[in-house]
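Input: a single structure, listed below in structure tokens.
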Amino acid sequence: MDQKVVQGIDSNQIRGIGFDATCSLVVLDKQFHPLPVNHEGDSHRNIIMWLDHRAVSQVQRINETKHKVLQYVGGVMSVEMQAPKLLWLKEKLRETCWNKAGHFFDLPDFLSWKATGVTARSLCSLVCKWTYSAEDGWDDSFWKMIGLEDLVADNYSKIGNQVLPPGASLGNGLTPEAAKDLGLPAGIAVAASLIDAHAGGLGVIGADVRGHSLACEGQPVTSRLAVICGTSSCHMGISQGPIFVPGVWGPYFSAMIPGFWLNEGGQSVTGGLLDHMVQGHAAFPELQARATARCQSVYAYLNSHLDLIKKAQPVGFLTVDLHVWPDFHGNRSPLADLTLKGMVTGLKLSQDLDDLAILYLATVQAIAFGTRLIVEAMEAAGHSISTLFLCGGLSKNPLFVQMHADITGMPVVLSREVESVLVGAAILGACASGDFTSVQEAMARMSKVGKVVFPRLEDKSYYDKKYQVFLKLVEHQKEYAAIMKGD
Ligand SMILES: Nc1ncnc2c1ncn2[C@@H]1O[C@H](COP(=O)(O)OP(=O)(O)O)[C@@H](O)[C@H]1O
Ligand SMILES: O=C(CO)[C@H](O)[C@H](O)COP(=O)(O)O
């Protein structure tokens, strides 16, 4: 743990701590020491990252079982969830890892354990990534069916048999050892954690929107979709009753907001894809030099460059003959197909800064079309969404935000605090300390609207045409795969 987090802060003002993190799998032995998750035996590498797709064969076999728990992850389990990763460890590293393992933690639960010594898991991580049900607990038959019956035999002690709602206070709070590491007083309340995207959802979705002329004003919170966009994008929609959306994770009960069901759509690389496209282009060194000379981020430079080259037309029209399918790391939602790949059509021989800027624009648009596809799937299944609430690193990019508004046709609300994921974690801390009596009360007080961006409805027909092309791209990709599979 790190003292940077409290630099320049009066530590006596800190009343509670909340943790969030990606849903990566942490493996410890029976004495809580790190265990290698690799063939090399390097115990510094004891975490399988969320976006690690090594367990492809395992997840295929899990999905072939058609077990009823799969209904609660969108009908198809993702390779990014924990059950396939556990099965991979058992099958590939039985001696060195599986047999020696004492504790498998989701990363947010690992952090709260490290701070408090309490091994209780958050309902959020267990429901969303481990097939636990808030109503019925673990389903023994699932673990037996997929070949992980040993987890059932010891009453789930390795993956969690004490489960707490996010925001519940853990044990006696910060241990003396963790307090020393963090430079904080021992005993400060520590909350049961949330996965990062879920913390972002808490940080934005409950804001008071009065005075912004938004359709969601005075409407139930279920008309809002929180989109947490950083390395990946996660689309968090809530409902009073369970809604089964094919290819969209959930419905998860009480995994984000207590008492509400959650559906979680997602795109596995979004910010990561933009970085990849921009940094891998031949004109990147020139871009970097120009952005540095202006003390700008490369994205701010690209946005201003697009404004220069667009001439009289709207900037989005620069991609009339350049189209991108964004699933360079498979499709998480709503197609739930990890075999899908990225596609670009409309490339030319030139590779100058204009080409880079236009390719970047087409990628931003493709990510926004991916959001439109997810929203349409959620609405077809019963959600009624009128407003997007964006946060995360990508929400700092005005082009990304405007394209989401234009392409979905919905207004986008940005939070006053860009790092709303951290606001969500702070909400947890404020619940654990007893400063608020419920997550809902804390959300209403702590999330604040910053700016609202409305769609340019006059550009709608152009984006509708590009969306038609977008859908053709995946249709064609599937046709190519079928041709190559044939004799
Ligand atoms: N100033 C910026 N302008 C535009 N995009 C940005 C900026 N800073 C970060 N990004 C984008 O946000 C992404 C990272 O978002 P962040 O929320 O920090 O990631 P994570 O989800 O890993 O926490 C980067 O991949 C980058 O594409
Ligand atoms: O699966 C997820 C949430 O359920 C997230 O995509 C994953 O945790 C990583 O997010 P990021 O790196 O974008 O913060």
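Every number for a ligand or one of its atoms is a count from 1 in the order of the listing. Note: hydrogens, waters and symmetry copies are ignored here, and every other heavy atom, side chains too, is used.
- Using 4.0 Å as the threshold, Gly266 has no heavy atom nearer than that to any atom of ligand 2.
- Between His198 and ligand 2, no N or O atom pair is found at a separation short of 3.5 Å.
- Contacts of ligand 1 (protein heavy-atom distance under 4.0 Å) are Gly230, Thr231, Gly271, Gly272, Asp275, Tyr299, Gly392, Gly393, Leu394, Lys396, Asn397.
- Residue contact annotation: Glu264 has a non-hydrogen atom under 4.0 Å from ligand 2.
- Ring geometry, Phe32 versus Trp113: the interplanar angle falls under 30°, so the pair is classed parallel (tilted spans 30 to 60°).
- At a 3.5 angstrom cut-off on N or O pairs, Thr22 does not count as close to ligand 2.
- Taking every non-hydrogen atom of Thr231 and a distance limit under 4.0 Å, the qualifying atoms of ligand 2 come out as 12 (O), 13 (O).
- When all heavy atoms of Ala283 and Leu353 are compared, the pair lying nearest together is CB-N, 3.9 Å.
- The aromatic rings of Trp143 and Trp138 sit perpendicular to each other, their planes meeting at more than 60°, with 30° as the lower class boundary.
- Aromatic ring centroids of Phe244 and Tyr72 lie under 6.0 Å apart.
- Ring pair Phe317/Tyr463 is perpendicular by interplanar angle, where above 60° counts as perpendicular and below 30° as parallel.
- Here the protein heavy atom with the shortest distance to atom 6 (O) of ligand 2 is Ser232 OG, 2.8 Å.
- Annotation: Phe470 is in aromatic contact with Trp325 [ring centroid separation under 6.0 Å].
- Residue Asp196 has at least one nitrogen or oxygen atom sitting less than 3.5 Å from a nitrogen or oxygen atom of ligand 2, judged on distance alone.
- For atom 9 (C) of ligand 2, the nearest non-hydrogen atom of the protein is Trp50 CE2, 3.1 Å.
- Aromatic rings of Tyr360 and Tyr299 (six-membered ring for Trp) have centroids within the 6.0 Å cut-off, being under it.
- Checked for salt-bridge contact, Asp139 and Lys68 meet the test: a charged N lies under 4.0 Å from a carboxylate O.
- The proximity of Cys23 to ligand 2, defined as any non-hydrogen pair under 4.0 Å, involves the side chain as well as the backbone.
- In Arg332, the part holding a heavy atom less than 4.0 Å from any atom of ligand 2 is the side chain.
- For ligand 2, the polar-atom distance check against Ile195 finds no nitrogen or oxygen pair separated by under 3.5 Å.
- Listed by number with element, the atoms of ligand 2 under 4.0 Å from a non-hydrogen atom of Lys129 are 1 (O), 2 (C), 3 (C), 4 (O).
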